[in-house]
Amino acid sequence: MDFLSGLNPQQREAVETTEGPVLILAGAGSGKTRVITHRIAHLITARHVPPSSILSVTFTNKAAGEMRNRIGNILAGVGMNGQPLLATFHSFCVRLLRRDGDALAPIRPGFSKTFSIYDDDDQLAIIKAAYKRMGLDEKAMPYRNTLSAISSAKSNKETPQDLYNRATDPRVTKIAAVFEEYETALRQANALDFDDLLLETVRLLYHDAETREAWNRRLSYIMIDEYQDTNRSQYELMRLLTQRHSNVCVVGDEDQSIYSWRGADIRNILDFEKDFPQAKVIRLEQNYRSTKNILEAASVVVANNKERKGKWLWTDADEGDVLTIYPAYDSENEALFIADTTEKVLRQHPEYKVAILYRTNSQSRQIEEALRRYNRAYVVVGGTSYYQRAEVKDIVAYLKLAVQQSDSIALARIINVPARGIGKTTVEQADKFANEGGISLWDAINHMLETNAFGTRAHAAVRVFRDLIVELAEAVERLPLNEALAFIEERTGYRRMLEQENTPESQARLENLNELMNAAAEAVERGESVADFLDHAALVAQTDSIDANAQVTLMTIHNAKGLEFPMVFLAGMEEGLFPHSRSINSEAAMEEERRLCYVGMTRAEKRLIMTWAKYRRRFGGGEQERTMASRFLKEVPSNLVINMGVDEDDVPSVDLSSERQFVRDESRKNLYTGKTYNSLENISAFFKERGINTTLRPSSPPPAQRSAPPAMRPPQAPVAPRQTAFTRPPVAPPAPPQVSDDLPPWETGPSKSPTPITAGRPATPVGTRPPGPAPVRPIGPPPVVNRPPMPPAPVQKPPVRPAGQQMIRQPEQTGLFGDANSLFPPVQSKTTLPKAPPSPKSPPRTGTVVEHPKYGTGTIVRREGEGDDAKVVVIFQRYGMKKLVEKYAGLKKS
DNA sequence: CGAAGTGGGCTTTTT
DNA sequence: GCCCACTTCG
């Protein structure tokens, strides 16, 4: 079989150069994955390399899984003797240590192959405990800082003693002390953290010649993807594995190095030619992904960096659309714009996948709310992943403890969950005892029970707990994993606790636990052990959960690395947010931000829209603060972009105060899984990834869940009347009945806006907030947000994200992409504003029964404000409570 | 002991 | 807005 056809000459060379060290400098979208998969296929078929002699290391499990699929596809007809090893560095290390870890025991006292893996939650728990014992103050020395100091010391192979010796200020001395406690705790629990997985593997291979030789013999071809983001220990691992041969092929792009904060060392890629002087360097510079405009814009931006080898990608593709920059008034407007534009684009291109990318996870919330407002299915990658959820971690902690009682972190986590009368004091006593004796919490508890060291009440409670764990341990020995989990959930009372709580949240948690058992059942079917299951739970990364079927995906730009989408939004392009304020003082950090921007931009195949908000709240409660456009926006050549803002102060806006409230309420009601909604897909996807079948659940629920009962919808075509308000004809019509939040954007100038009132406007301020200046419309259509009607109070939904296609048809219109011929319809008249109807002479009082043209009969329950601004809160018989601007509402006494 | 409530303080990015 | 530590009250 020929795996060379269809490749360009450079790609072909990369595939054919199988012997000796190879450095592939692969620009964004240059067919890197294709090269790797074809290279593996070529090795197997043309060079007759046994598949099991090939190791290919990727950055995420997701990437590994995808690679597995692709290789499976292209080698479908080929009889293979074994499988190539496709792994992340971390999963490879776990595998190696679980297999050959015995040799490590002499070097790392207390180590055994049954080690557990501690994730950052577990790490944090250790740090907190250490702080408490040592009387340290979190405010003076944040946990996170300490943790990252420890992590970077570890990656430099420093011991606590080393850190202590080089300490120049008392803070570092304290960190060294915490570090020591931390290391003790890990060893005590026979646990490894993520750094250890790599470090201990390196130590094992370094010290134990036999293991090293064995792996060197076994793996004769090694490929490493995303090489620019490897760290020191990964580099050393690579060296140790390539001692017998130097058939190592690394693939990377220095412009896409975005993990230096995690210890990634860009020198690894820059110095590869020094490490291997005979290395062959191959450059892949033809981009197959993006339009010319996108590629050029991204290239110009990243060219502002000084620390780079410098390369210029080219493409045969068409120019495509120009990029769009949308300056929103505030972050809510930004979110609504994104949601609205997504709808329009998907209506025109139902086959598109849309990615909404941002710098920080916290930006997702408002965008999610806006998308939900449109009933648009979406997947959030990141935030709290499935295995990070408290309930899952709790049950997993029971499982870990049942398997290995020395896991003190697991024990501390669940000793009183559900509450069983073991209070803080009791736990502290045991913890103290354990620490002084250098033993595990479990041993401490047992010892204290024997010696009657607890009070009577505590003694009884702890005893019950101890017996419980013993019972669970037996059950885990005896039962298949899924049944063991069910047993744990019953026997510990955890399930009962959630059932009794009986809130939407607890229901969702129960669902998550069910899903955990499903995953366990599937693992059992595949013949996996408990240890395998726990390893997965620890190593599954958030990126691994990306659902390829989801049409709209939200994630950080970091998470988007390696992915591509026809349509990409980059949100929050503001100074201080992106580039992030923490990077603004360092040139190197700024360059990394710029590379991140490059990564984000080059994810886009066809359309790229970058948005920013002129005002943004930094914290939930605070005031909105003025922002500045990101410098990266200014680096984009102006001929490649349409900027929808004319000048800084002239910003379109959809400012909808009660909309906002509504959206918030809705999202609160639907808040069954916290921040993310990928939990269920996530877990099955991950566990299936190992098997052959990676079909994911459909991301849309059955139609029944999507649509509201018709009876509860507003009587007429839902959007049309509101739409009139947005596409107001030049001559002011009689003011339509309006809900206060329905004011078109250009009438709802927020009071803080510095814009002076434009000449020619009605003297009376229009809008809900005086002195509402009406920002003049810039070019382009109004950032119309077609809102579906208020749905009824949501029915309790299962914790599958309420999803599905847009259920409400929106009127045809020439929107941002509505017209295939012109990106933007003609500029609209900006001078016309509706005249306000005269205010009623005697305002209706609270309690008055009124008639609304659309909502029917209701009762006024509150009045707010005076004059043109007056708002009334009315409870309608059929539509519930609404806040209306009196002068627009068209209320009649009945 | 433990649920529930208060108040202060911050939000990069994640294998 | 959300998390976390701390307080209060049953």
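Throughout, protein chains are lettered first and strands after them, A, B, ... in sequence-line order, and every chain is numbered starting at 1.
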Got a sec? Which of residues 575-591 of chain A come in under 4.0 Å of DNA chain B, heavy atoms? A:H580, A:R582
Rounded to whole Å, CZ of A:R262 lies from P of B:dT13 at a distance of 13 Å
Looking at A:N559, I'd like to know whether one of its side-chain N or O atoms comes within less than 4.0 Å of OP1 or OP2 on B:dT13. no
Looking at side-chain heavy atoms only, is the closest gap between A:Q123 and A:F194 below 4.5 Å? no
If you assign each of A:T556 and A:I422 to its closest nucleotide in DNA chain B, which residue comes earlier from the 5' end? A:I422
Once side chain to side chain donor-acceptor pair (under 3.5 Å) is applied, do any residues pair with A:Y118, and if so which ones, sequence neighbours excluded? A:D407
Would you say CD of A:E307 has more than 12 non-hydrogen atoms from neighbouring residues, nucleotides or ligands within 6.0 angstrom? no
To the nearest angstrom, the CD1-P distance between A:I557 and B:dT13 comes to 11 Å
Rounded to whole Å, please give me the gap between CZ in A:F454 and P in B:dC1. 12 Å
Rounded to whole Å, please give me the gap between CG in A:D121 and C1' in B:dT15. 15 Å
Looking at B:dC1, I'd like to know if its phosphate oxygens (OP1 or OP2) sit under 4.0 Å from a side-chain N or O belonging to A:T426. yes
The criterion is side chain to side chain contact (heavy atoms under 4.5 Å, CB included); which residues satisfy it with A:V202, sequence neighbours excluded? A:S233, A:E236, A:L237, A:L240
Output all residues satisfying side chain to side chain contact (heavy atoms under 4.5 Å, CB included) with A:E391, sequence neighbours left out; order by chain, then residue number. A:R389, A:Y494, A:R509, A:N512, A:L513
When all nucleic acid strands are considered with a 4.0 Å heavy-atom cut-off, which category describes A:T230: base, sugar-phosphate, or nothing? nothing
Testing B:dA3, C:dG1, B:dT15 for proximity to the side chain of A:R365, the answer is C:dG1
Looking at every strand, decide which applies to A:R595 at a 4.0 Å heavy-atom threshold: base, sugar-phosphate, or nothing. nothing
Stacking of A:W261 on B:dT13 base (centres under 5.5 Å, planes under 30°): yes
Is the shortest side-chain N to carboxylate O distance from A:D119 to A:K393 below 4.0 Å? yes
Does C:dG1 have OP1 or OP2 under 4.0 Å away from a side-chain N or O of A:S362? no
Pick the C1' atom in C:dC4 and in B:dT13, then give their distance to the nearest Å. 22 Å
Just to be sure I understand the rule, does A:L197 reach a base, reach only the sugar-phosphate, or reach nothing, if contact means heavy atoms closer than 4.0 Å? nothing
Check every strand shown and say whether A:N416 touches a base, only sugar-phosphate, or nothing at a heavy-atom separation below 4.0 Å. sugar-phosphate
Can you tabulate the close N/O pairs, meaning under 3.5 Å, that link protein atoms to atoms of nucleotides 5-10 of chain C?
| unit_1 | atom_1 | unit_2 | atom_2 | d |
| --- | --- | --- | --- | --- |
| C:dA5 | OP1 | A:Y143 | OH | 3.3 |

A:F194 CZ to B:dT14 P, in whole Å, measures 13 Å
Considering only residues two or more places apart or on different chains, which pairs with a residue in residues 420-429 of chain A satisfy side-chain hydrogen bond (donor to acceptor under 3.5 Å, both in side chains)? A:Y398-A:R420
Starting at the 5' end of DNA chain B and moving along, which residue's nearest nucleotide shows up first, A:F89 or A:G423? A:G423
Quiz question: by atom type and distance under 3.5 Å, do the side chains of A:R594 and A:Y598 form a donor-acceptor pair? no
What integer distance in Å separates A:Q363:CD from C:dC2:C1'? 16 Å
Can you sort out the partners of A:E564 under side chain to side chain contact (heavy atoms under 4.5 Å, CB included), two or more places apart, ordered by chain and number? A:R289, A:E605
Contacts of A:R171 that satisfy salt bridge (charged side-chain N to carboxylate O under 4.0 Å, His left out) - sequence neighbours left out: none
Proximity to the side chain of A:T60 - top-ranked nucleotide from B:dT13, B:dG2, B:dT15: B:dT15
With a 3.5 Å cut-off and sequence neighbours excluded, list the donor-acceptor pairs that the side chains of residues 577-585 of chain A form with protein atoms.
| unit_1 | atom_1 | unit_2 | atom_2 | d |
| --- | --- | --- | --- | --- |
| A:H580 | ND1 | A:R582 | N | 3.0 |
| A:S583 | OG | A:E593 | OE2 | 3.0 |

Whole Å only: how far is the CE atom of A:M555 from the P atom of B:dT14? 11 Å
Rounded to the nearest Å, what distance is computed from the CG atom of residue A:N231 to the C1' atom of nucleotide B:dT14? 12 Å
